[in-house]
Undergrad: 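Before I ask anything, here is the structure I am working with.
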Amino acid sequence: MLGYPAHFGQMECLKLAASPKFVDKRLGYLGIMLLIDEKTKVLTLVTNSLKNDLNHHNMYIVGLALCTLGNVSSSEMARDLCSEVEKLLGSTNTYIRKKAALAALRIVRRVPELHENFVSKSKSLLNDRSHGVLVTGITLITEMCQQHPENIQLFRKAVPLLVRHLKNLVSAGFSPEHDVTGVTDPFLQVKILRLIRILAKNDQEASDAMNDILAQVATNTESTKNVGNAILYETVLTIMEIQSEAGLRVLAVNILGKFLSNRDNNIRYVALETLNKTVGMETQAVQRHRNIILDCLRDGDISIRRRALELSFALINEGNVRVLTRELLAFLEVADSEFKQSMTYKISLAAEKFAPNKRWHIDTLLRMLKLAGNFIREEVLAGFIRLVAQTSELHQYTVQKLYASLKRDISQEGLVLASVWVIGEFGDILTSSGSFEDENVTMEATETSIVGLLESILLGPYVNQLTRAYVLTAIMKLSSRLHESSVQTKIKEILQYHTKSMEVEIQQRAVEYMNMFSLDDIRPAVLERMPIPEGNTIVQTGNNESDELTSGRTSRREGPSDRDLLLDLMGVGTASSNGVREVHEASSHVSETVHVQKTQNTDLLADLFGSNSSPQQSSPPPSTNKNNVLLDLLGDMSGGESKPTAPYSSSNSGLDSLATLGQTLPSAQASLLSGSGLQANSTPASPQGHETYSKNGLIVSLSPSRDRTNEAIINIQVNFYNQGSQGIVSGLQFQAAVPKSQKLQLAAISNSRVDPGGAEKQLMRIFNPQQVNNGTR
């Protein structure tokens, strides 16, 4: 009905199907197949009519019921009518057996566990002389073997029978009833080939039984017509799937080679796709068709070019690497942009794996950089640089080639980056080698021309930040390798110009390089040649991804210590090692430590974010461990006698302990801790809370408390107190941030204006579902 509602006709179709007349039944079942599907509730009402008609004495009415069951049967209907269909599979009528096999196929697909009901009856279908019954029976058996591999062993005994059927079809003469463009029943031949491919897989005895007939089919079937090509394609798949003889596999590859010469793009595509799957099994046989495969690279169909390209890379080995690489580089020059990046990567892999010598390897990669330098992956460029650095005997040859290539073309980014790096490292070799010849052109690289070439790259239209960074580094390296005064002056001019660059990275490099000119005693040593890289090869890089991921996960687990995070929370320096070092240096001047109960480093943070604190001991000894630097900070750091702090009871939360410890910080420590970012003030803070900020007359303190309804929530009240030394504080804003694993809710401040002597408040809530001991910034 083309999408229009058809519910109005469903009941009428049911009435027609229940009619005793054949004409009415035919129309009713046709309407049911068109207007109702297995999800329609009305379909349940059809079951009774189908059951009655399946037992009808008229074979055509039985055929209508079986046809309807095979098209719209649901799982419930399949269970209800399974026994009727099983009985009809043994019917003496060929027409009914054929229809019953198709209905059984639908039942097996909808309710796979019912397949056991049809195993015995389906075996008898293989002995039928009717081609229609054979086709449907083989289809049913194939479906049962695919869904339930345990059935393969049951049907494997039928392999000789299937081979005999196939042999009769191949050797039979002209049969008008089954002939399709000169081929006898190609549909049955294809079905038999698919079934024996399943039955003979991983079974040597069954494979041996069908070797002869497969060879006969492969040699006697016409390949000039599409029907014959379909049979040949199934034959090739069967030969490659079973444990066939070596000669038979070569015959299968030759058939695919003939397909490549076909004018039909579909047949050529199928051949290339199949050869890609079989090249690992019969490499030598596929190599014989190398020229035809390379011709497919120039095909007008992009899908054929893509498959031919994949197959060409799969064919590369030590013996043909020169020829195939040359052809692939020729195709790279005219290839579509979407192919170039993957091609450059695969060419690099092939050259690294099968290169006959280093010079050929360098020439190949250099040619690739010239043709597709804008499509080079980072690891390919790194691999080329590593190859050059490791091949010391070819340094002069390589730097000359790259210099000449760079003078001709600066539009390929990969070529520019590789050339600039090599020239920066081996520029002295380039100038000392004198004149050289490249592509029948004599060139000479002078110090002035080298620097001028690098400057032209900076002024060119293709330059970007990465290229500028490479060029500036190369120029700086050349400052220790080239000695003409005019060249040194030019280098300084280029660097000086980029000290005002809008790009921070470039500006920083230029400024640092300019400062190095004042350090002539160490500059030559700093600008020495890079040591030979010892990184992984390109081939190995892909295999180390899991290791990198593992190491990445490990490194992410390692973060700042709990002490660092807590110090960062209090504003003492940062959570980095530098901030901790400053705090530790400050605490080293303390004469005596504060006597408090012994706690673990994580206790304060654990309490802060809602986890249980560890049990405390009653009378611990004084602690001098560097991990207790926080206690040193909060004690008497003026150098006099240390004042003992009253031990807090285990019933108090860690937040109260933090507030108590914070209040013990004397004002005399302000000058000592000013460099660490913790400002102390002689003015007493508010009675509650921990003072976190005191500057310009404004004091900010935090009063944390655990939420009573949810232990994972911490309520922190932010108190703002204006001492009045700077007058009215207006436009006050407070911001906070927490790690991604937590959630922060920040309420509005009571008033953004704080009068002298006045105080305002703001509430923030931290939700820490994972109870992670992290600091809040």
Undergrad: side-chain hydrogen bond (donor to acceptor under 3.5 Å, both in side chains) with N151: which residues, sequence neighbours excluded?
TA: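 Partners of N151 under the side-chain hydrogen bond (donor to acceptor under 3.5 Å, both in side chains) test: none.
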Undergrad: S91 side chain to K87 main-chain N or O, any donor-acceptor pair under 3.5 Å?
TA: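 No: the side chain of S91 does not pair with the backbone of K87.
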Undergrad: Do M240 and T274 pass the side chain to side chain contact (heavy atoms under 4.5 Å, CB included) test, and can you show the C-alpha distance, the side-chain angles, and the key distance before you say yes or no?
TA: CA-CA 10 Å; M240 292 300 177; T274 310; 5.8 Å; no
Undergrad: Between M144 and V108, is the side chain to side chain contact (heavy atoms under 4.5 Å, CB included) condition met? List the steps.
TA: CA-CA 7 Å; M144 289 192 293; V108 169; 4.2 Å; yes
Undergrad: What's the shortest heavy-atom distance between L125 and G137, and which atoms?
TA: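 Shortest heavy-atom separation between L125 and G137 comes out as CD1-CA, 3.8 Å.
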Undergrad: Test side chain to side chain contact (heavy atoms under 4.5 Å, CB included) on Q287 and N317 and set out the steps.
TA: CA-CA 10 Å; Q287 289 283 357; N317 55 33; 3.3 Å; yes
Undergrad: Any idea which heavy atoms bring G280 and T283 closest together, and the distance?
TA: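 Closest heavy-atom pair between G280 and T283: O-OG1, 4.1 Å.
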Undergrad: State whether a side-chain donor-acceptor pair under 3.5 Å links D37 with T40.
TA: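 The criterion, which ignores hydrogens and geometry beyond distance, is satisfied for T40 and D37.
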Undergrad: Does T221 reach the main-chain N or O of L232 with its side chain, forming a donor-acceptor pair under 3.5 Å?
TA: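 Checking the backbone N and O of L232 against the side chain of T221, no donor-acceptor pair under 3.5 Å is found.
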Undergrad: May I ask you to test the I138-L188 pair for a side-chain heavy-atom distance under 4.5 Å?
TA: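 The answer is yes, as the side chains (C-beta and beyond) meet within the 4.5 Å cut-off.
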Undergrad: Once you round to the nearest 0.5 Å, how far does CG of L309 lie from CD1 of I293?
TA: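 Taking CG in L309 and CD1 in I293, the distance rounds to 12.0 Å.
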Undergrad: Between R79 and E113, does at least one N-O distance fall below 4.0 Å, as a salt bridge requires?
TA: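 Yes.
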Undergrad: Under 3.5 Å, side chain of K121 to main-chain N/O of E86, donor-acceptor pair present?
TA: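 Looks like yes, one N/O pair under 3.5 Å.
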Undergrad: So do the side chains of K98 and S130 get within less than 4.5 Å of each other, counting heavy atoms only?
TA: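 No. Closest side-chain heavy atoms not under 4.5 Å.
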Undergrad: Please tell me if the side chains of E379 and S348 come closer than 4.5 Å, counting only heavy atoms from C-beta onward.
TA: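 No - every pair of side-chain heavy atoms lies 4.5 Å or more apart.
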Undergrad: Would you indicate whether the side-chain heavy atoms of L324 and R290 approach each other to under 4.5 Å?
TA: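 Answer yes - side chains close enough.
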Undergrad: Applying side-chain hydrogen bond (donor to acceptor under 3.5 Å, both in side chains), name anything that partners R197, two or more places apart in sequence or on another chain.
TA: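 Per chain and number, R197 pairs via side-chain hydrogen bond (donor to acceptor under 3.5 Å, both in side chains) with E234, T238.
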Undergrad: Mark yes or no for whether K346, through its side chain, and F313, through its backbone, hold a donor-acceptor pair below 3.5 Å.
TA: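 Here the side-chain-to-backbone pair does not exist.
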Undergrad: So how far is it from N93 CG to M59 CE, rounded to the nearest 0.5 Å?
TA: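 If I round to the nearest 0.5 Å, the distance is 5.0 Å.
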Undergrad: What residue pairs, at least two apart or across chains, pass ring-ring contact (aromatic ring centres under 6.0 Å, His included) with a residue in residues 76-107?
TA: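 Found Y60-Y95.
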Undergrad: With a 4.5 Å cut-off on side-chain heavy atoms, are I255 and T235 touching?
TA: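 In short, these two side chains do not touch, never coming nearer than 4.5 Å.
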Undergrad: Nearest heavy-atom pair of I242 and A200: which atoms, and what distance?
TA: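 It is CG2-CB, 3.6 Å.
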Undergrad: Could you list all the side-chain hydrogen bond (donor to acceptor under 3.5 Å, both in side chains) pairs where at least one residue sits in residues 153-164, not counting sequence neighbours?
TA: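 Qualifying pairs: Q153-R156, R156-D203.
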Undergrad: Which residues satisfy the ring pair (Phe, Tyr, Trp, His ring centres under 6.0 Å) test with H289, sequence neighbours excluded?
TA: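 Partners of H289 by the ring pair (Phe, Tyr, Trp, His ring centres under 6.0 Å) criterion come out as none, since no residue qualifies.
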Undergrad: Nearest 0.5 angstrom please: M368 CE to T325 OG1, how far?
TA: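 If we round to the nearest 0.5 Å, M368:CE and T325:OG1 are 10.5 Å apart.
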Undergrad: What's the spacing between Y233 OH and I267 CD1 if we round to 0.5 Å?
TA: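 Going from OH on Y233 over to CD1 on I267, the span is 12.0 Å.
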Undergrad: Any donor and acceptor pair, going by atom type alone, linking the side chain of H115 with main-chain N or O of E143 inside 3.5 Å?
TA: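 Looks like no, no N/O pair under 3.5 Å.
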Undergrad: For a quick test of reading the model, state the closest non-hydrogen atom pair linking V72 to I32 and the distance between them.
TA: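 Where V72 meets I32 most closely, the heavy atoms are CG1-O, 4.2 Å.
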Undergrad: When rounded to the nearest 0.5 angstrom, what is the spacing between CG in L272 and CG in L260?
TA: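 Rounded to the nearest 0.5 Å, the CG-CG separation comes out at 5.0 Å.
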Undergrad: Please list, chain by chain and in numerical order, all residues satisfying side-chain hydrogen bond (donor to acceptor under 3.5 Å, both in side chains) with R288, sequence neighbours excluded.
TA: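 R288 satisfies side-chain hydrogen bond (donor to acceptor under 3.5 Å, both in side chains) with no other residue.
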Undergrad: For the residue pair D336 and R305, establish whether any side-chain heavy-atom pair is separated by less than 4.5 Å.
TA: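 Contact flag for D336/R305 side chains = yes.
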Undergrad: Go through the structure and list residues passing ring pair (Phe, Tyr, Trp, His ring centres under 6.0 Å) with H178, not counting sequence neighbours.
TA: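 Applying ring pair (Phe, Tyr, Trp, His ring centres under 6.0 Å) to H178 gives H131.
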Undergrad: Using a cut-off of 6.0 Å, state whether more than 12 heavy atoms not belonging to E205 lie near its atom CD.
TA: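 Open: at most 12 neighbouring heavy atoms sit under 6.0 Å from CD of E205.
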Undergrad: Quick check: does any side chain N or O of S244 sit under 3.5 Å from a backbone N or O of I239, one acting as donor and the other as acceptor?
TA: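 Indeed, once roles are kept as given, a pair shorter than 3.5 Å links the two residues.
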Undergrad: So, for G28 and L16, which heavy atoms are closest and what is the spacing to 0.1 Å?
TA: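 The answer is CA-CB, 3.6 Å.
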Undergrad: Among R307, R268, R306, R263, whose salt bridge (charged side-chain N to carboxylate O under 4.0 Å, His left out) with D299 holds?
TA: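 Single salt bridge (charged side-chain N to carboxylate O under 4.0 Å, His left out) partner of D299 among R307, R268, R306, R263: R268.
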Undergrad: Do the side chain of H165 and the main chain of L126 share a donor and acceptor less than 3.5 angstrom apart?
TA: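 Here the side-chain-to-backbone pair exists.
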Undergrad: Please step through side chain to side chain contact (heavy atoms under 4.5 Å, CB included) for the pair V286 and L315, ending with a clear verdict.
TA: CA-CA 8 Å; V286 179; L315 291 176; 3.6 Å; yes
Undergrad: Does anything in residues 13-27 form a side-chain hydrogen bond (donor to acceptor under 3.5 Å, both in side chains)? List the pairs, not counting sequence neighbours.
TA: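 For residues 13-27: S19-D24, K25-D53.
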Undergrad: Do the side chain of E241 and the main chain of I198 share a donor and acceptor less than 3.5 angstrom apart?
TA: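 Between the backbone of I198 and the side chain of E241 there is no qualifying donor-acceptor contact (under 3.5 Å).
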Undergrad: Which one of N211, V250, D212 satisfies the side-chain contact (heavy atoms from CB on, under 4.5 Å) criterion with E245?
TA: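 For E245, the side-chain contact (heavy atoms from CB on, under 4.5 Å) check succeeds only for N211.
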Undergrad: Partners of E333 by salt bridge (Lys or Arg N to Asp or Glu O under 4.0 Å), sequence neighbours excluded?
TA: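 Partners of E333 under the salt bridge (Lys or Arg N to Asp or Glu O under 4.0 Å) test: R367.
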Undergrad: For Y269, does its backbone N or O pair with a side-chain atom of N266 as donor and acceptor, under 3.5 Å?
TA: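 No: the side chain of N266 does not pair with the backbone of Y269.
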Undergrad: Rounded to the nearest 0.5 Å, how far apart are OG of S312 and CE of M343?
TA: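 One finds 8.5 Å between OG of S312 and CE of M343.
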Undergrad: When you compare the side chains of D185 and Q189, does any donor N or O come within less than 3.5 Å of an acceptor on the partner?
TA: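 On atom types as modelled, these side chains do not qualify, holding no pair under 3.5 Å.
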Undergrad: For T224, check side-chain hydrogen bond (donor to acceptor under 3.5 Å, both in side chains) against everything at least two apart and list the hits.
TA: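 Scan of T224 (side-chain hydrogen bond (donor to acceptor under 3.5 Å, both in side chains), adjacent residues dropped) gives E222.
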Undergrad: Should M77 and L69 count as side-chain neighbours, where that means a heavy-atom distance under 4.5 Å?
TA: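 Touching, per the 4.5 Å side-chain cut-off.
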Undergrad: Can we say R298 and E327 salt-bridge, meaning some charged N sits less than 4.0 Å from an Asp/Glu carboxylate O?
TA: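 Salt bridge flag = yes for E327 with R298.
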Undergrad: If you look only at distance, which donor and acceptor atoms sit under 3.5 Å apart when one is on a side chain in residues 42-49 and the other is two or more places apart or in another chain?
TA:
unit_1 : atom_1 : unit_2 : atom_2 : d
T44    : OG1    : K41    : O      : 3.3
T47    : OG1    : T44    : O      : 3.2

Undergrad: Write out all pairs satisfying ring-ring contact (aromatic ring centres under 6.0 Å, His included) with one or both partners inside residues 11-30, taking only residues at least two apart or from two chains.
TA: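 Output for this query is empty, none listed.
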Undergrad: If we ignore angles and hydrogens, is there a donor and acceptor under 3.5 Å between the side chains of S303 and D301?
TA: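 Their side chains do contain a donor-acceptor pair, which is all the 3.5 Å distance test asks for.
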Undergrad: Which atom names give the shortest non-hydrogen contact between T181 and D179, and what distance separates them?
TA: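 Nearest pair, atom of T181 first, then D179: N-OD2, 3.7 Å.
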Undergrad: Examine distances only and state if a side-chain atom of N276 and a backbone atom of E273 form a donor-acceptor pair shorter than 3.5 Å.
TA: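 The answer is no, because no donor-acceptor pair under 3.5 Å joins these two groups.
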